[in-house]
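None of these values were measured; they are calculated from a predicted model. We count ligands from 1, going down the list as the structure has it; atoms in each ligand are counted the same way. Basis for what follows: all heavy atoms, side chains included, without hydrogens, waters or symmetry-related copies.
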Amino acid sequence: MHAWPASEVPALPGKGRDLRIHDTATGGPLTLDPGPVARIYVCGITPYDATHMGHAATYNAFDLVQRVWLDTKRQVHYVQNVTDVDAPLLERANRDGQDWTELAERETSLFREDMTALRMLPPQHYIGAVEAIPGIVPLVERLRDAGAAYELDGDIYFSVESDPHFGGVSHLDAEAMRLLSAERGGDPERPGKKNPLDPMLWMAAREGEPRWDGRSLGPGRPGWHIECVAIALDHLGMGFDVQGGGSDLAFPHHEMGASHAHALTGEHPYAKAYVHAGMVALHGEKMSKSKGNLVFVSALRRQGVDPAAIRLTLLAHHYRSDWEWTDAVLDEAVERLARWRAAVSRPDGPPADSLVEEVRAALADDLDAPAALRAVDRWAALQERGGGTDEGAPGVVSRTVDALLGVAL
Ligand code: 5CA
Ligand code: ZN
């Protein structure tokens, strides 16, 4: 699949700082030390509804990871998937009497437009589950042949007991895993499984559902976790730097993905850091397509809200916190954007060298975007009071905000 166009990232004076980030697997901060090419996999959308603020907040967090790395003069190898075949997508298409491929294509196009408007840097490889199927089938065959997977009425399940590291991403107890598995696409109640938590790798064709050639597995479609593993191993290999997604993916998705990869390769770790963004809520509940309590990026854009203000709203919240979308948080961002734009519209202003370093330091410290915004606020306040005559300082501020925060002033 094609991704979306990249906005320019201006080069900044001096050198960026290495990123220290919270890793779910170790439960603490980790200073990442990627090679000259940093490798990141971020789980993409299931395209059955438009991009909402929760998605946007999660992709904003990983866009910042990229920007910090680019500022250290590294290249970034970024891979993202699109879960363009899965139960919720097929159910929605059925409910609305539309073709599931058309639904997926339409919502993926809208996602690309939203990402472009928000100035999120695109992945180099943007891969759909459907196009990954020829790579998924041999992996499932390998897991089965190695005894890490088994058949149950034609479906193939992964055996979590085949991975000694299972549990090492989320560190949840068995009961919590069972509850989350039932909530998030698993089937812990199905009789005949070796372990209730075992996730499906390959689902034998069901009446009326799309199917693909699974060679020795028979016709069917892939499970969810193996989809991301196949794409990540194909494009990044083992031991990549960051596996990213929202906190609702830590278990089971990232836990199972890591286990699949360990069982396939005999290597550990799958990712060096598992990084999770907090959940955005609306009216007190997690924004989710299944509940329908959503604020869409595209709807706000249609109402004439500047995408830069949407982005500033996301940046005003620390990526790891759970927060609530309200009109008030958007209004604040609209005001801030206007203040910043006025401040950089003059040819001179207060010195900006320390500002570049403050924004760098804030982001390097577990992506503390709110602290970065406060630093720019301070500079803008000085400017408002007529606090300086450094020629070109507003340009430096503008480039810093663009390069490190993705906001064009
Ligand atoms: N296709 C899978 C990942 S392989 C999936 O989870 N798709 S999704 O469309 O449901 O979510 C896409 C991303 O947005 C995931 O990282 C998910 O964790 C994140 N996300 C979903 N809802 C929210 C929310 N309310 N707040 C923050 N992030 C969210
Ligand atoms: Zn995924």
Q. Is the Phe111-Trp4 ring centre distance short of 6.0 angstrom?
A. yes
(Q) In the structure I gave you, are the side-chain heavy atoms of His125 and Met1 within less than 4.5 Å of one another anywhere? (A) no
**Q.** Verdict with supporting geometry, Trp202 and Asp155, side-chain contact (heavy atoms from CB on, under 4.5 Å)
**A.** CA-CA 6 Å; Trp202 186 257; Asp155 299 326; over 6 Å; no
Q | Closest protein heavy atom to atom 26 (N) of ligand 1, given as residue, atom name and distance to 0.1 Å | A | Val280 N, 2.9 Å
Q: Taking only heavy atoms of Gly245 into account, list the atoms of ligand 1 that are under 4.0 Å away from them.
A: 16 (O)
Q | Option nearest atom 28 (N) of ligand 1 (shortest heavy-atom distance, choices Asn60, Thr58, Asn81, Thr83) | A | Thr58
**Q.** Test item: Asp248 and Leu180 side chains (from C-beta on) under 4.5 Å apart, heavy atoms
**A.** no
Q | Qualifying ring pair (Phe, Tyr, Trp, His ring centres under 6.0 Å) pairs, either residue in residues 270-297, two or more places apart | A | Phe240-Tyr270, His254-His276
Q. Under a 4.0 Å heavy-atom limit, does His52 contact ligand 1 with its side chain, its backbone, both, or neither?
A. side chain
Q: Look at atom 9 (O) of ligand 1 and say which protein heavy atom is nearest, naming residue and atom and giving the distance to 0.1 Å.
A: Lys289 NZ, 2.7 Å
Q.
Please confirm whether Ala57 approaches ligand 1 to less than 4.0 Å, judged on its heavy atoms.
A. no
Q.
Return the closest protein heavy atom for atom 12 (C) of ligand 1 as residue, atom name and distance.
A. Tyr59 OH, 3.4 Å
Q | Proximal atoms of ligand 1 relative to Met287 (non-hydrogen, under 4.0 Å) | A | 22 (N), 24 (C), 25 (N)
Q) atom 18 (O) of ligand 1: which of Ile231, Asp248, Leu89 has the nearest heavy atom? A) Asp248
Q: Fit a plane to each ring of Trp325 and Trp323, take the angle between them on a 0 to 90° scale, and name the class: parallel (under 30°), tilted (30 to 60°) or perpendicular (over 60°).
A: tilted
(Q) Looking only at protein heavy atoms, which one is nearest to atom 4 (S) of ligand 1, and what is the separation? (A) Trp224 NE1, 3.1 Å
Q. Of all the atoms in ligand 1, which lie at a distance below 4.0 Å from a heavy atom belonging to Leu249?
A. 6 (O), 15 (C), 16 (O), 18 (O)
Q: Rounded to the nearest 0.5 Å, what's the gap from CG on Asp84 to CD on Glu227? Could you check?
A: 7.5 Å
Q.
Does only the side chain of Cys228 get under 4.0 Å from ligand 1, or the backbone, or both, or neither? Count heavy atoms.
A. side chain
Q: Could you tell me whether the side chain of Arg221 and the main chain of Pro210 form a donor-acceptor pair under 3.5 Å?
A: no
Q. Any chance the side chains of Glu161 and Asn195 put a donor and an acceptor closer than 3.5 Å?
A. yes
Q) Do any heavy atoms of Ser247 fall under 4.0 Å from ligand 1? A) no
Q. About how large, to 10 degrees, is the angle SG of Cys228, then the Zn ion (ligand 2), then SG of Cys43?
A. 120°
Q. Tell me: protein heavy atom nearest atom 5 (C) of ligand 1, and distance?
A. Gly44 O, 3.5 Å
(Q) Within a 6.0 Å radius of atom CG on Asp327, are there more than 12 heavy atoms belonging to other residues, nucleotides or ligands? (A) no
(Q) Whether the Ser216 and Arg144 side chains hold a donor-acceptor pair (N or O, under 3.5 Å, no angle test) is what I'd like checked. (A) yes
Q: Decide, yes or no, whether a salt bridge links Asp368 with Arg20 under the criterion of side-chain N to carboxylate O below 4.0 Å.
A: no
Q) If you count the atoms of ligand 1 from 1 in the order shown, which ones are under 4.0 Å from a heavy atom of Cys43? A) 3 (C), 4 (S)
Q.
Counting only heavy atoms closer than 4.0 Å, does ligand 1 sit against the backbone of Thr46, its side chain, both, or neither?
A. both
Q: Could you tell me whether His253 approaches ligand 1 through its side chain, its backbone, both or neither, with non-hydrogen atoms closer than 4.0 Å?
A: side chain
Q: Say whether Ser298 and Glu113, considering side chains only, have a donor N or O and an acceptor N or O under 3.5 Å apart.
A: no
(Q) Using a plain distance cutoff, I'd like to know if Met279 has any nitrogen or oxygen under 3.5 Å from a nitrogen or oxygen of ligand 1. (A) no
Q. At what distance is the nearest protein heavy atom to atom 27 (C) of ligand 1, and which residue and atom is it?
A. Gly54 O, 3.1 Å
Q) Is there a nitrogen or oxygen of Gly246 sitting under 3.5 Å from a nitrogen or oxygen of ligand 1? A) yes
Q) With atoms numbered from 1 as shown, which atoms in ligand 1 lie under 4.0 angstrom from a non-hydrogen atom of Gly278? A) 26 (N), 27 (C)
Q. Which residue and non-hydrogen atom of the protein lie closest to atom 11 (O) of ligand 1, and at what distance in Å?
A. His55 CD2, 3.7 Å
(Q) Can you confirm whether more than 12 heavy atoms, excluding those of Glu183, are under 6.0 Å from its CD atom? (A) yes
